[in-house]
**Q** 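First, the structure itself, so that you have it in front of you.
Proteins get letters first, then strands, A, B, ... in listed order; numbering begins at 1 in each.
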Amino acid sequence: MNPFTEIVIQIIQKIPAGKVMTYGQISKLAGNPRAARQVARILHSMSRKHDLPWHRVINAKGQIAMKDNETRLEQKLRLEDEGIKVSGSGRIDLEIYQQPINSDTWEI
DNA sequence: TTAGTGACAGGCA
DNA sequence: CTGCCTGCCACTA
């Protein structure tokens with residue numbers, strides 16, 4: 001497994017419940033600012049075997065970027081279950097729920 | 001091998 | 001606020 005993938009997985013596992021991060025944040029923390037799409041791919045392929053909180057990862061517009069309606073609904077329900085308010089169209093207030101990368105908990 | 005396609009981001013209209 | 005365009009890279013047909 002390449003180091004980028006490992007770091008991405010560790011970052012996602014550190015996202016606290018009730019908070020979210022964007023793909024861009026994660027890719028930047030992992031050392032590849034332009035690899036947001038690969039983060040998404042890692043999530044899709046690794047979320048099951050690594051038990052990742054994939055639902056806490058959203059796009060830069062603060063929305064659920066799902067194409068599949070079932071998965072989109074599941075993510076919405078999981079987020080609301082953690083106290084995150086999700087708008088009808090799947091929007092989330094990043095000002096409130098986004099986990100800042102400058103926090104002391106991020107010693108990557 | 002080339003072309004199409006995303007769990008995306010950022011700039012611009 | 002929304003939509004379109006370009007860059008990015010792994011995967012698939």
**Q** Measure from the ring centre of Trp54(A) to the centre of the six-membered ring in the base of dA7(B), then say whether that distance is under 5.5 Å and the planes meet at under 30°.
**A**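 So Trp54(A) counts as stacking on the base.
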**Q** What contact category does Arg91(A) fall into here, base, sugar-phosphate, or nothing, at under 4.0 angstrom with non-hydrogen atoms?
**A**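 If one applies the 4.0 Å heavy-atom cut-off, Arg91(A) turns out to touch the sugar-phosphate alone, with no base involved.
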**Q** Check the hydrophobic clustering (I, L, V, M, F, W, Y; side-chain heavy atoms under 4.5 Å; chains of links allowed) and say if Tyr23(A) and Ile42(A) are grouped together.
**A**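 Hydrophobic grouping puts Tyr23(A) with Ile42(A).
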**Q** Working note: Gln99(A) + Gln25(A), criterion side-chain hydrogen bond (donor to acceptor under 3.5 Å, both in side chains); need CA distance, chi angles, decisive distance, verdict.
**A** CA-CA 9 Å; Gln99(A) 174 71 16; Gln25(A) 278 186 296; over 6 Å; no
**Q** What is the distance from CG of Leu29(A) to P of dA9(B), rounded to the nearest Å?
**A**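 To the nearest whole Å, that distance equals 14 Å.
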**Q** If hydrophobic clusters are built from ILVMFWY residues whose side chains come within less than 4.5 Å, do Met66(A) and Met46(A) share one?
**A**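 In one cluster with Met66(A): Met46(A), no.
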**Q** Which listed nucleotide (dT2(C), dA7(B), dA9(B)) is nearest to the side chain of Ser47(A)?
**A**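 For the Ser47(A) side chain, the nearest candidate turns out to be dA7(B).
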**Q** Between dA7(B), dA9(B), dC1(C), which nucleotide gets closest to the side-chain atoms of Ala36(A)?
**A**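 Per side-chain heavy atoms of Ala36(A), the pick is dA9(B).
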**Q** Between Arg56(A) and Glu82(A), is there a salt bridge with N-O shorter than 4.0 Å?
**A**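 Salt bridge present between Glu82(A) and Arg56(A).
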**Q** Starting from P on dA9(B), measure out to CG on Leu94(A) and report it in whole angstrom.
**A**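 Going from Leu94(A) (CG) to dA9(B) (P), I get 10 Å.
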**Q** List, with names and distances, any nitrogen or oxygen atoms from the protein found under 3.5 Å away from nitrogen or oxygen atoms belonging to nucleotides 9-13 of chain C.
**A**
from, atom 1, to, atom 2, distance (Å)
dC9(C), O4', Gln38(A), OE1, 3.4
dC9(C), O4', Gln38(A), NE2, 2.7
dC9(C), O2, Gln38(A), OE1, 3.2

**Q** DNA chain B: His44(A) or Lys28(A), which has the more 5' nearest nucleotide?
**A**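 Nearest-nucleotide comparison on DNA chain B picks His44(A).
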**Q** Using a 4.0 Å heavy-atom cut-off, does Ser27(A) contact any base of the nucleic acid, only the sugar-phosphate backbone, or nothing at all?
**A**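 Result for Ser27(A) = nothing.
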**Q** Under a 4.5 Å side-chain heavy-atom rule over Ile, Leu, Val, Met, Phe, Trp and Tyr, are Leu77(A) and Ile58(A) clustered together?
**A**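 No; tracing contacts between hydrophobic side chains, which count when under 4.5 Å, never links both residues.
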**Q** Rounded off to whole Å, could you give me the CD1-to-C1' distance for the Ile26(A) and dA7(B) pair?
**A**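 The distance from CD1 of Ile26(A) to C1' of dA7(B) comes to 11 Å, rounded to the nearest Å.
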**Q** To the nearest Å, how far apart are Arg78(A) CZ and dA7(B) P?
**A**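 Atom-to-atom, Arg78(A) to dA7(B), this comes out as 17 Å.
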**Q** Atom NZ of residue position Lys28(A) - does it have more than 12 heavy atoms of other residues, nucleotides or ligands inside 6.0 Å?
**A**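 Atom NZ in Lys28(A) is not packed in, count stays at 12 or less.
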**Q** Assess the residue pair Leu43(A) and Val57(A) against the criterion (side chain to side chain contact (heavy atoms under 4.5 Å, CB included)); give the C-alpha distance rounded to whole Å, side-chain angles, the decisive distance to 0.1 Å, and a yes or no.
**A** CA-CA 9 Å; Leu43(A) 247 58; Val57(A) 184; 3.7 Å; yes
**Q** Could you state the atom-to-atom distance from CG of Asp68(A) to C1' of dT5(B) in whole Å?
**A**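 Rounded to the whole Å, the gap is 16 Å.
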**Q** When the distance from CD1 of Ile101(A) to P of dA9(B) is rounded to whole Å, what number comes out?
**A**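 It is 14 Å, rounded to the nearest whole Å.
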**Q** Using both distances under 3.5 Å as the test, list the Watson-Crick or G-U wobble partner of dT2(C), or none.
**A**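 Answer to the pairing question: dA13(B), which forms a Watson-Crick or G-U pair with dT2(C).
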**Q** Using whole Å, report how far CG of Asn59(A) lies from C1' of dG7(C).
**A**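 One finds 17 Å between C1' of dG7(C) and CG of Asn59(A), rounded.
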